[in-house]
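We name chains A, B, ... by the order of the sequence lines, and we start the count at 1 in each one. Quick note: numbers below take in every heavy atom, side chains included, and nothing from hydrogens, waters or symmetry partners.
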Protein chains: 2
Amino acid sequence: MSHRENPRPGGRSARVQAAVHQSVRDILATMDRTDVTIPLIAQRANVTPSTIYRRWGDLQELLADVAAARLRPESEPPRIGTAREDLESWIEQYADEMASGVGRQMLRDILSSVDGTSVEKCRCYMQQQLTVLIARAEKSGEPFPDLEELMDHVISPIIYRILFDCTLGEDYVRELIAKVMQKLQG
Amino acid sequence: MSHRENPRPGGRSARVQAAVHQSVRDILATMDRTDVTIPLIAQRANVTPSTIYRRWGDLQELLADVAAARLRPESEPPRIGTAREDLESWIEQYADEMASGVGRQMLRDILSSVDGTSVEKCRCYMQQQLTVLIARAEKSGEPFPDLEELMDHVISPIIYRILFDCTLGEDYVRELIAKVMQKLQG
DNA sequence: TGCACAAAAGCAAATAATTTGCGTTAGTCG
DNA sequence: CGACTAACGCAAATTATTTGCTTTTGTGCA
């Protein structure tokens with residue numbers, strides 16, 4: 001599946017991929033997840049079903065691919081104030097996005113794919129954003145948790161709760177961050 | 001789907017369910033996940049495909065149901081010594097099971113099901129076991145983290161790493177527990 | 001015990017999705 | 001400009017899914 005990673009921009013392959021991705025997004029916005037089919041996606045994208053089967057294999061892989069693409073961040077985490085404030089703001093937005101209906105669905109699509117590419121992308125995108133925040137803190141001299149600490153004790157609990165249908169309280173994210181920050185002192 | 005929850009024991013419904021579950025386990029042990037099909041499962045279980053379609057809907061739901069059933073604990077966490085030692089031992093066994101090939105697959109099957117029953121079971125089973133451990137600690141007067149603390153800072157990071165293909169180092173579980181225990185002092 | 005009822009299974013035809021071989025097209029590189 | 005190749009379209013063959021109808025099986029009641 002090398003072509004899925006680096007289709008030459010502007011080539012036919014890239015156009016088909018864009019059309020199919022767009023078709024999936026449109027259909028997913030309209031219909032229930034359970035009656036989305038490849039023939040349907042193909043029709044809306046003006047390609048043949050066999051093109052999709054050959055490129056993505058099956059519906060799960062296609063949905064995972066689309067979900068991963070949607071999770072790619074468009075910009076760096078916005079600058080609010082202190083590094084901690086930037087972190088709080090970004091994580092809160094991240095949690096909201098993942099906890100929404102479409103967010104949950106994207107997570108599930110990504111996790112249920114056999115091919116690990118999408119899951120890896122999803123993790124990398126998130127880590128990149130965190131790394132930017134960490135770098136900012138370092139630059140300004142603020143004490144800040146490292147990547148592993150953030151993954152294990154902020155991101156993981158949030159994603160776990162979303163996946164396993166627990167509720168995320170109002171201040172849940174903020175409290176997680178507070179705990180991690182507190183540990184920096186001790 | 002009320003029949004899936006409480007089929008009268010010994011009835012025909014229960015026998016079919018057992019046969020189908022067994023068939024799925026057998027097939028999953030032999031074959032690659034991607035070429036398991038409902039007709040195949042039906043054949044091995046000596047039922048017609050339509051029976052499976054009518055009862056479970058599709059392959060994903062069936063696999064999620066089987067996975068949830070496999071995760072039901074057969075016994076309480078074994079008694080090793082102190083409550084902390086019991087916890088370490090149980091979590092380590094839990095992590096190993098989930099990190100194995102079949103464990104990962106079960107997790108994914110459960111998470112990709114649309115119906116939330118299996119995901120709920122999976123969480124409940126785990127929480128039950130933790131609750132037993134917490135009760136033991138309380139009885140013996142040992143300081144011990146509460147359920148939420150264990151879920152957020154021990155279980156979540158483990159499951160997250162498994163789902164997102166990170167590696168779990170040799171002492172990773174033990175260190176997570178050590179950190180949580182340490183917090184009880186401060 | 002035996003009869004009536006309901007739930008779930010079987011069967012088979014109809015529909016829909018997936019796979020595959022082969023010819024065609026579009027982009028790439030010399 | 002003219003091969004060359006990767007990816008697409010088309011259509012036939014296969015396989016999976018759905019569905020209407022019939023039959024079986026277990027349950028409750030006379």
Side-chain angles (χ1 to χ4, degrees), chain A residues 1-24 27-28 30-66 69 109 112-115 117, chain B residues 1-24 27-28 30-66 69 109 112-115 117:
Chain A
M1 318 234 156
S2 59
H3 56 323
R4 205 166 71 210
E5 308 312 328
N6 293 347
R8 291 206 172 62
R12 180 170 55 157
S13 184
R15 282 201 306 278
V16 168
Q17 163 159 349
V20 170
H21 273 226
Q22 185 60 49
S23 167
V24 170
I27 289 176
L28 239 39
T30 321
M31 308 179 56
D32 194 41
R33 169 79 173 70
T34 49
D35 27 50
V36 174
T37 64
I38 286 191
L40 187 67
I41 292 167
Q43 185 177 23
R44 199 176 220 285
N46 275 108
V47 298
T48 338
S50 66
T51 296
I52 296 182
Y53 287 116
R54 284 207 160 94
R55 253 179 102 151
W56 282 277
D58 63 14
L59 186 59
Q60 273 194 346
E61 298 302 316
L62 172 57
L63 292 179
D65 190 42
V66 172
D109 288 340
S112 56
S113 139
V114 178
D115 171 45
T117 311
Chain B
M1 320 232 157
S2 60
H3 55 324
R4 205 166 74 210
E5 309 312 328
N6 295 343
R8 289 202 176 65
R12 178 171 55 158
S13 184
R15 282 201 307 279
V16 168
Q17 164 159 349
V20 170
H21 273 226
Q22 185 60 50
S23 167
V24 170
I27 289 176
L28 239 39
T30 321
M31 306 179 56
D32 194 42
R33 167 79 175 68
T34 49
D35 26 53
V36 174
T37 65
I38 288 192
L40 187 68
I41 293 167
Q43 185 178 23
R44 199 175 219 285
N46 275 109
V47 299
T48 39
S50 65
T51 296
I52 296 182
Y53 287 115
R54 284 205 158 93
R55 257 180 97 153
W56 281 278
D58 63 15
L59 186 60
Q60 273 194 347
E61 298 302 315
L62 172 57
L63 291 179
D65 189 44
V66 172
D109 288 341
S112 57
S113 141
V114 177
D115 172 45
T117 312

Chemist: Report the distance from atom CZ of A:Arg54 to atom P of C:dG23, rounded to the nearest whole Å.
Modeler: 14 Å

Chemist: Rounded to the Å, how far apart are A:Gln43 CD and D:dG9 P?
Modeler: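 That distance rounds to 13 Å.
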
Chemist: Determine whether a donor-acceptor pair (one donor, one acceptor, N or O, separation below 3.5 Å) exists between the side chain of A:Arg55 and the base of D:dG9.
Modeler: no

Chemist: Measure from CH2 on B:Trp56 to C1' on C:dA8 and round the result to the nearest Å.
Modeler: 12 Å

Chemist: Is the phosphate of C:dA9 approached by B:Thr51 (side-chain N or O, under 4.0 Å from OP1 or OP2)?
Modeler: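 Answer no for this pair, as no side-chain N or O of B:Thr51 is under 4.0 Å from OP1 or OP2.
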
Chemist: If you assign each of B:Asp58 and B:Gly11 to its closest nucleotide in DNA chain D, which residue comes earlier from the 5' end?
Modeler: B:Asp58

Chemist: Which residue in the set A:Ile41, A:Val24, A:Val16, A:Leu59 passes side-chain contact (heavy atoms from CB on, under 4.5 Å) when paired with A:Ile52?
Modeler: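 Of all the options given, the one that passes is A:Ile41.
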
Chemist: Quick one: the side chain of A:Arg12 and the base of D:dA7, do they pair up donor-acceptor inside 3.5 Å?
Modeler: yes

Chemist: A:Gln17 has an atom CD; how far is it from atom P of D:dC8, in whole Å?
Modeler: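 Nearest whole value for this atom pair: 10 Å.
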
Chemist: Is there a side-chain polar atom (N or O) of B:Thr48 under 4.0 Å from OP1 or OP2 of C:dC11?
Modeler: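 Answer is no, no contact under 4.0 Å.
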
Chemist: Keeping the roles fixed (side chain from A:Gln22, backbone from A:Ala45), state whether a donor-acceptor pair exists under 3.5 Å.
Modeler: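 Not a single qualifying donor-acceptor pair exists.
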
Chemist: Could a donor-acceptor pair under 3.5 angstrom be found where the side chain of B:Ser50 meets the base of C:dC11?
Modeler: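 In this structure, the two groups form a donor-acceptor pair.
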
Chemist: Between A:Ser113 and A:Gln60, does any side-chain donor sit less than 3.5 Å from a side-chain acceptor?
Modeler: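 Side chains of A:Ser113 and A:Gln60: no pair found under 3.5 Å.
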
Chemist: Please find the pair of heavy atoms, one from B:Arg44 and one from B:Ser23, that lie closest to each other, and give the distance.
Modeler: CB-OG, 3.4 Å

Chemist: Nearest whole Å is fine: how far is D:dT15 C1' from A:Ile38 CD1?
Modeler: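 Taking atom C1' of D:dT15 as the reference, CD1 of A:Ile38 is at 15 Å.
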
Chemist: If you find the nucleotide of DNA chain D closest to B:Arg15 and the one closest to B:Leu59, which residue's nucleotide is nearer the 5' end?
Modeler: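 The answer here is B:Leu59.
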
Chemist: Looking at every strand, decide which applies to A:Asn46 at a 4.0 Å heavy-atom threshold: base, sugar-phosphate, or nothing.
Modeler: sugar-phosphate

